[in-house]
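For this chain, numbers begin at 1 and follow the sequence in order.
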Amino acid sequence: MKSNNPRDLAVTLLARVEQGDYSNLALDAMLKQHNLSGRDAALLTNIVYGVIQHRMTLDFDLEPFIGDKKLNLWVKVLLRTAVYQMVYLDKVPNRAIFFETTEIAKKRGHVGIAKLVTAVLRAIERKGIPDPETIADPIERLSIMSSTPTWIIEKLIDQLGETKTRLILDEINQPAHASLRVNTTQTTRDVLQHELAADFEDLAVSPLTPVGLIAPGGHLAGTPQFATGEYTMQDESSMLVAPSLDVQPSDQVLDACAAPGGKTTHIAEFIDPAQGGHVTALDLHPHKVKLIMQNAARLKLANRVSAQAMDARQVADTFAPDSFDKILVDAPCSGLGLIRRKPEIKYQKQPEDLGNLHNIQVAILDAVAPTLKIGGRLTYSTCTIVQEENQDTVEAFLATHPNFKQVTVNTLAPVTQAHNAPALQIYPDDYGTDGFFIACLERIE
């Protein structure tokens, strides 16, 4: 029989994430498999994201009590979940945490492991967790307190300064709110907000984009309006990408790195198939191409989109020169701007990844450039916040393509807290969104 204990399920899911699964996808799949009450689903979600966000801090808390003991992965994960609840969930009494954690240890292991787990938790209750303020090195101290690898902190301080870095680190460990993008071909923001108000009374207008609605939480992808294509789930900062292209109804548009299709479908809202407008969407993986078309179909935009599997670095080998009026390169990147929603990213990435990704990004821009018409616009975007993958990539491209120039990014409404003009850089602390970079380039000859 499947366990429906949210704490037990959290251990299973967190162990999978340690082994390479994506937290958001694994959690969505688990919630679909298990018939959890709203309260248990919320607890599961809280524990999973909380433990990942604070993993380094939790290990620091545990270290004096487990020392160099060789623990199975699930035991270490179980202890992290218990300490997370003790430290961060004020409404959960220790007796409940101790009982549930011990029962899970018995079920998954044996009485000896259960006794070890109980002893560790009792010792923490008696002695208290260690104080990270005692760490002498300021970078290491900030690393433990924010649960962020030192190389990321050093990188951000070098590029943004200590004050901005601390603001970003504070923000990325806050729970991410839910956000949706209104499908303007099917409804309006005001109508949709009214329709959803009964179930999502905290649903509010996005301060960043006029096509976004936000809520503190809730299963927004489970409504009839979502099923019939009145909206899709998308982060607010990501909603700025399609408008930056200034798409016209008759435009031929290439979305070179498209899956799962959020930006593709947003582009499609601006074109008119009756006037010849069309979006060609590419992705390296065939199964992801299916996702693009599934999303387009749900949003009733499939007649405006075609998708195919292709490495974006091969675009010039497949499409004729001057084929497209607009091109979007939402490039593969480190994803460091997504840490709020996918906190495991900060542990998975390494410094050398930035240089490798920069080279891939430049190669994709090189490949798509000949297929853009003279006078056409190319938007380059990433969901990261480091210079190597953002403006440095743009500058490397422009250095070898004098027939392009960088221009100001179009937005549907003023974005008052953006950085790095004429590009548009948003950091997580600016609007409580994902970190995002957008640069617009025009072909001038």
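Nearest heavy atoms, N183 versus G229: ND2-O, 2.9 Å. Closest approach of A413 to P210, counting heavy atoms only: CB-CD, 4.0 Å. Nearest heavy-atom pair across P149 and K346 is CG-O, 3.0 Å. Pairing each heavy atom of H266 with each of M239, the nearest pair is CE1-O, 3.2 Å. Nearest heavy atom pair, residue L424 against residue A418, reads CG-CB, 3.7 Å. When all heavy atoms of H177 and G432 are compared, the pair lying nearest together is CE1-O, 3.1 Å.
Side chains of N390 and Y380: no donor on one and acceptor on the other come within 3.5 Å. If you check the side chains of T184 and E269, you find a donor sitting under 3.5 Å from an acceptor. A donor atom on one side chain and an acceptor atom on the other are found under 3.5 Å apart for D430 and H419. Side-chain atoms of D392 and Q387 form a donor-acceptor pair, as typed in the model, at a separation below 3.5 Å. Side-chain atoms of T148 and S143 form no donor-acceptor pair, as typed in the model, at a separation below 3.5 Å. Counting only N and O atoms by type, the side chains of Q159 and E388 include a donor and acceptor under 3.5 Å apart.
Side-chain atoms of T411 and T209, non-hydrogen and from C-beta on, never get closer than 4.5 Å to each other. Contact of the L441 side chain with the K405 side chain is not registered, since no non-hydrogen atoms from C-beta on lie closer than 4.5 Å. Put simply, the side chain of T232 does not reach to within 4.5 Å of the side chain of L180, judged on heavy atoms. No side-chain heavy atom of S146 sits under 4.5 Å from any side-chain heavy atom of T57. Inter-residue side-chain proximity for I172 and Y427 is flagged as unmet; no heavy-atom pair is nearer than 4.5 Å. Residues L14 and R80 form no side-chain contact, since every pair of their non-hydrogen atoms from C-beta on lies 4.5 Å or further apart. P243 is not listed as a side-chain neighbour of N410, based on a closest heavy-atom distance of 4.5 Å or more. Residues I52 and Y347 form a side-chain contact, since some pair of their non-hydrogen atoms from C-beta on lies under 4.5 Å apart.
Within the cation-pi definition used here (under 6.0 Å to the ring centroid, within 45° of the axis), R298 qualifies as a partner of F226.
The backbone N or O of T150 lies less than 3.5 Å from no partner atom in the side chain of E140, so there is not a single donor-acceptor pair. Within the 3.5 Å criterion, the main-chain N or O of T393 finds no donor-acceptor partner in the side chain of Q361. Between the side chain of R141 and the backbone N or O of I135 there is at least one donor-acceptor pair closer than 3.5 Å. In terms of modelled atom types and a separation under 3.5 Å, the side chain of Y231 and the main chain of L220 share a donor-acceptor contact. Using modelled atom types, no side-chain atom of D28 and backbone atom of L25 make a donor-acceptor pair closer than 3.5 Å. At distances below 3.5 Å, not a single donor-acceptor pair connects side-chain atoms of R166 with backbone N or O atoms of G161. Within the 3.5 Å criterion, the main-chain N or O of E352 finds a donor-acceptor partner in the side chain of N356. Put simply, the side chain of S147 gets close to the backbone of R55: a donor and an acceptor are under 3.5 Å apart. Checking side-chain atoms of S306 against main-chain N and O of T280 turns up no donor-acceptor pair under 3.5 Å. Judged purely by atom type and a 3.5 angstrom limit, Q314 has no side-chain atom pairing as donor or acceptor with the backbone of M310.
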Show, in sequence, the C-alpha distance, side-chain angles and deciding distance for T371 and S323, and conclude whether the side-chain hydrogen bond (donor to acceptor under 3.5 Å, both in side chains) test is met.
CA-CA 5 Å; T371 67; S323 292; over 6 Å; no
Please assess N46 against Y84 for the test side-chain hydrogen bond (donor to acceptor under 3.5 Å, both in side chains), listing each intermediate value before the final yes or no.
CA-CA 10 Å; N46 189 324; Y84 172 74; 2.5 Å; yes
L354 and W151: CA distance, side-chain angles, deciding distance, side chain to side chain contact (heavy atoms under 4.5 Å, CB included) verdict
CA-CA 12 Å; L354 305 185; W151 77 266; 3.9 Å; yes
Derivation of the side-chain hydrogen bond (donor to acceptor under 3.5 Å, both in side chains) call for N295 and T265:
CA-CA 8 Å; N295 282 324; T265 54; over 6 Å; no
Please report the C-alpha distance between D366 and R313 in whole Å, then the side-chain angles of each, then the deciding distance to 0.1 Å, and finally whether the salt bridge (charged side-chain N to carboxylate O under 4.0 Å, His left out) criterion is met.
CA-CA 8 Å; D366 287 343; R313 289 169 290 188; over 6 Å; no
Test S381 against F436 for side chain to side chain contact (heavy atoms under 4.5 Å, CB included), laying out the working first.
CA-CA 7 Å; S381 62; F436 229 88; 3.9 Å; yes
Determine, stepwise, if the pair V394 / L398 fulfils side chain to side chain contact (heavy atoms under 4.5 Å, CB included).
CA-CA 6 Å; V394 172; L398 291 173; 3.9 Å; yes
Run the side chain to side chain contact (heavy atoms under 4.5 Å, CB included) check on Q417 and I426 step by step: do they pass?
CA-CA 7 Å; Q417 297 185 55; I426 292 177; over 6 Å; no
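Here the CG-CG distance, from L240 to L208, works out to 4.5 Å after rounding to the nearest 0.5 Å. Put simply, CD1 on I339 and CD on E171 are 12.0 Å apart, with the number rounded to the nearest 0.5 Å. Here the CG atom belonging to L301 is positioned 7.5 Å from the CG atom belonging to N303, to the nearest 0.5 angstrom. For the atom pair L13 CG and M30 CE, the distance stands at 4.5 Å (nearest 0.5 Å). To the nearest 0.5 angstrom, L44 atom CG is 14.5 Å from R39 atom CZ.
Within a 6.0 Å sphere centred on NZ of K300, heavy atoms belonging to other residues, nucleotides or ligands number more than 12. Other residues, nucleotides and ligands contribute only 12 or fewer heavy atoms inside 6.0 Å of the CG atom of N35. At most 12 heavy atoms of other shown residues, nucleotides or ligands fall within 6.0 angstrom of atom CD in E201. Counting non-hydrogen atoms of neighbouring residues, nucleotides and ligands closer than 6.0 angstrom, the NZ atom of K76 reaches no more than 12 such neighbours.
Aromatic rings from F319 and F324 are positioned such that their centres are separated by under 6.0 Å.
Note on ring orientation: taking the six-membered ring where Trp is involved, the planes of F397 and F404 are perpendicular (angle over 60°, cut-offs 30° and 60°).
With respect to D251, the salt bridge (charged side-chain N to carboxylate O under 4.0 Å, His left out) criterion is satisfied by exactly one of R377, R304, K326: K326. With L254 as reference, L282 is the one residue of L282, L378, L372 to meet the side-chain contact (heavy atoms from CB on, under 4.5 Å) rule.
In summary, D235 and R340 engage in a salt bridge, as defined by a charged side-chain N under 4.0 Å from a carboxylate O. Between E236 and R181 there is no salt bridge, since no side-chain nitrogen of the basic residue lies less than 4.0 Å from a carboxylate oxygen of the acidic one. Under the 4.0 Å criterion applied to side-chain N and carboxylate O atoms, D325 and K373 are assigned as salt-bridge partners. Using a 4.0 Å cut-off between charged side-chain N and carboxylate O, D255 and K263 make no salt bridge.
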